[in-house]
Participant: 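Quick one: the structure is below, questions incoming.
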Amino acid sequence: MEATAAPFSSIVPSAQSLSSIRASSPNSSFLFRKNIGNANLKFKSPRSLSVRSSSNSDSVVTLLDYGAGNVRSIRNALRHLGFSIKDVQTPGDILSADRLIFPGVGAFSPAMDVLNKTGMAEALCKYIENDRPFLGICLGLQLLFESSEENGLVKGLGVIPGVVGRFDSSAGIQVPHIGWNALQVRKDSEILDDVGSQHVYFVHSYRAIPSNENKEWISSTCDYGESFISSIRRGNVHAVQFHPEKSGEVGLSVLRRFLDPKSQHRQKPMERKASKLAKRVIACLDVRTNDKGDLVVTKGDQYDVREQSNENEVRNLGKPVDLAGQYYKDGADEISFLNITGFRDFPLGDLPMIQVLRYTSENVFVPLTVGGGIRDFTDASGRYYSSLEVAAEYFRSGADKISIGSDAVYAAEEFMKSGVKTGKSSLEQISRVYGNQAVVVSIDPRRVYVNHPDDVPYKVIRLTNPGPNGEEYAWYQCTVSGGREGRPIGAYELAKAVEELGAGEILLNCIDCDGQGKGFDIDLVKLISDSVGIPVIASSGAGIPQHFSDVFEKTNASAALAAGIFHRKEVPIQSVKVHLLEKGIEVRI
Ligand code: 1PR
């Protein structure tokens, strides 16, 4: 490990140098960065930018939320840790902060636009140069660099040398980098003290890479096809590429250590050391309103969620918020809510679902996905709501990702017919604004057996287990409206099309396997996970822990999702993870 770097304040120019450099050069951020290494610079701060020593209480943290996306999770985590939040309204609020958290969300260029236009950029540089307690998260780390290639080459704050670039998918990795990965801690950084051997949660397509010029800043790196910068630290200035607010208890400890450096709280040391991207185990809650009007977790057999009794009621397996909380405690790496009748209703009219998200996100600190009914919608009074508004409400309510089913099928069909990306589909709009890592496409295919590969104009696979009449081949027909309607597009064609249109991940169900407990459809999962460059979540059919190791050993799935076995308490999440570890498959524990 390298020694801890000198405090930032002892080696950086002050605001006056910054101001004069800026006045004389349009490329001021860059010059500012270049001068950071000159320990002999001595300047005085102009009064307008002076940093006030604070009299705020120890339990207040200042949050820079420039309104670009979901910062509810970080708010919830801070409140959970007993801190109250002061929102930055003016650049002065940054300068007078006792401790500042900058949870960058959205894309690089719009973020820099806002920071520059509001004067926040200069205040941030000033705050950092004075070595005030700072924690940047995700984009909040990337914006510290000279520039990013995310939206063309766009200048950043210029505090740290280097250009933020996209992961190179030609190296055989799936991009975005989504999931729980390991850190290689390079130097002492108290906020990482509990992380050492544990996985933390990443979700991003762009990254900064280590160089001679920025090595003084690096506190940890992470491997994903290459080594990239996962955290920086200089004096009181910290930033992390991962999401502490979504990294379970270990993530909360990162925040706690930043907010309260004297904290004695220690995580239990782990027996196993995290070394790479872990395979994820996801708990899925299919949610709908039952006949009494209550929102319940339900579960179907091949998508039929009604009891086989005279009453024919919707199967009720529990309350969504309670079950999600339980699965978080049990070690689920992610939780998905699918509003399975969302295609009928207007999602923003579905206040219970929004409440479920709000309550769940208060106590669950792993990623939450929500799906069902996301599309453009015109209500009874003729008011039009774009899918972006729907997604925005879900993000505001605590979702980290949204999942699109039916509407993605229509968009893919259109795209395949015309070959034109209109940019108007819900998938395209939401991924453009929130990033493709925030958009999952849920595919609901049904197996259609054929005798010969040329029988249909869709991608056909040779089956491991022949069909009921000895058919050796099948294609997977996509459906909409919860499996009620088959469409003229296969799962393979859909997956390729939605990747093009901006999906960041695929949730791959299989109606034939759903609720059967006989294992995932390995043929299907292999076909899709070998064909796209984005992560694939295998879903439908898990019955025993071995089904999880099968799907990870035989396919390129990044995650495996199950519902029934967890709801019925047949297999605890931890048993799945223990089994995977025994099989040599890395998971988060
Ligand atoms: O089309 O955008 O409104 O989205 C609707 C969403 O609801 C889609 O993601 C679709 O998969 C889901 N959905 C619709 N109807 C049903 C149903 O069951 N009747 N549930 C449904 C799909 C599938 C899985 C399930 C796994 C694992 N559920 O998510 O949880 O198959 O189950 P298992 O482990 O018990 O086998 P839109």
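Keep in mind that the numbers below use all heavy atoms, side chains included, and drop hydrogens, waters and symmetry copies.
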Participant: Within the distance-only criterion (no hydrogens, no angle test), does the side chain of S205 pair as donor or acceptor with the backbone N or O of V175 below 3.5 angstrom?
Facilitator: no
Participant: Could you work out, with side-chain contact (heavy atoms from CB on, under 4.5 Å) as the rule, every residue matching L81, not counting sequence neighbours?
Facilitator: F83, L252, L255, R256, L259
Participant: Got a sec, which residues hit ring-ring contact (aromatic ring centres under 6.0 Å, His included) with Y206, two or more places apart in sequence or on another chain?
Facilitator: none
Participant: What are the two closest heavy atoms between G398 and L357, and how far apart are they?
Facilitator: C-CD2, 4.4 Å
Participant: Between N214 and P161, is there a donor-acceptor pair closer than 3.5 Å when you use the side chain of the first and the backbone of the second?
Facilitator: yes
Participant: List in chain and number order the residues that pass side-chain contact (heavy atoms from CB on, under 4.5 Å) with Q546, two or more places apart in sequence or in another chain; answer none if no residue qualifies.
Facilitator: I544, S549, D550, H579
Participant: Count the heavy atoms belonging to other residues, nucleotides or ligands that lie under 6.0 Å from NZ of K526, then report whether that count exceeds 12.
Facilitator: no
Participant: What residues, two or more places apart in sequence or in another chain, satisfy ring-ring contact (aromatic ring centres under 6.0 Å, His included) together with F552?
Facilitator: none
Participant: Using a strict threshold of under 4.0 Å (side-chain N to carboxylate O), is an ion pair present between D87 and R75?
Facilitator: yes
Participant: Please tell me whether F102 and Y127 form a close aromatic pair, meaning their ring centres lie under 6.0 Å apart.
Facilitator: no
Participant: Are the aromatic rings of Y224 and H204 close, with centres under 6.0 Å apart?
Facilitator: no
Participant: In chain order, what residues pass the salt bridge (charged side-chain N to carboxylate O under 4.0 Å, His left out) check against K496, with sequence neighbours excluded?
Facilitator: none
Participant: Is there a donor-acceptor contact under 3.5 Å from the side chain of E245 to the main chain of G251?
Facilitator: no
Participant: Which residues pass the ring-ring contact (aromatic ring centres under 6.0 Å, His included) test with H243, not counting sequence neighbours?
Facilitator: none
Participant: My understanding is that only one of V250, V366, D400, I178 makes a side-chain contact (heavy atoms from CB on, under 4.5 Å) with Y201; could you say which?
Facilitator: I178
Participant: Would you find a donor on one side and an acceptor on the other, under 3.5 Å apart, between the side chain of R358 and the backbone of S397?
Facilitator: no
Participant: Take the angle between the ring planes of F258 and H238 and call it parallel below 30°, perpendicular above 60°, tilted in between.
Facilitator: perpendicular
Participant: Counting only N and O atoms by type, is there a donor-acceptor contact under 3.5 Å from the side chain of R207 to the main-chain atoms of G165?
Facilitator: yes
Participant: Would R233 and E190 count as a salt bridge (charged side-chain N to carboxylate O under 4.0 Å, His left out) if you check the C-alpha gap in whole Å, the side-chain angles of each, and the deciding distance to 0.1 Å?
Facilitator: CA-CA 10 Å; R233 185 263 167 96; E190 296 82 16; 3.0 Å; yes
Participant: Donor-acceptor pair, T555 side chain versus I522 backbone, under 3.5 Å?
Facilitator: no
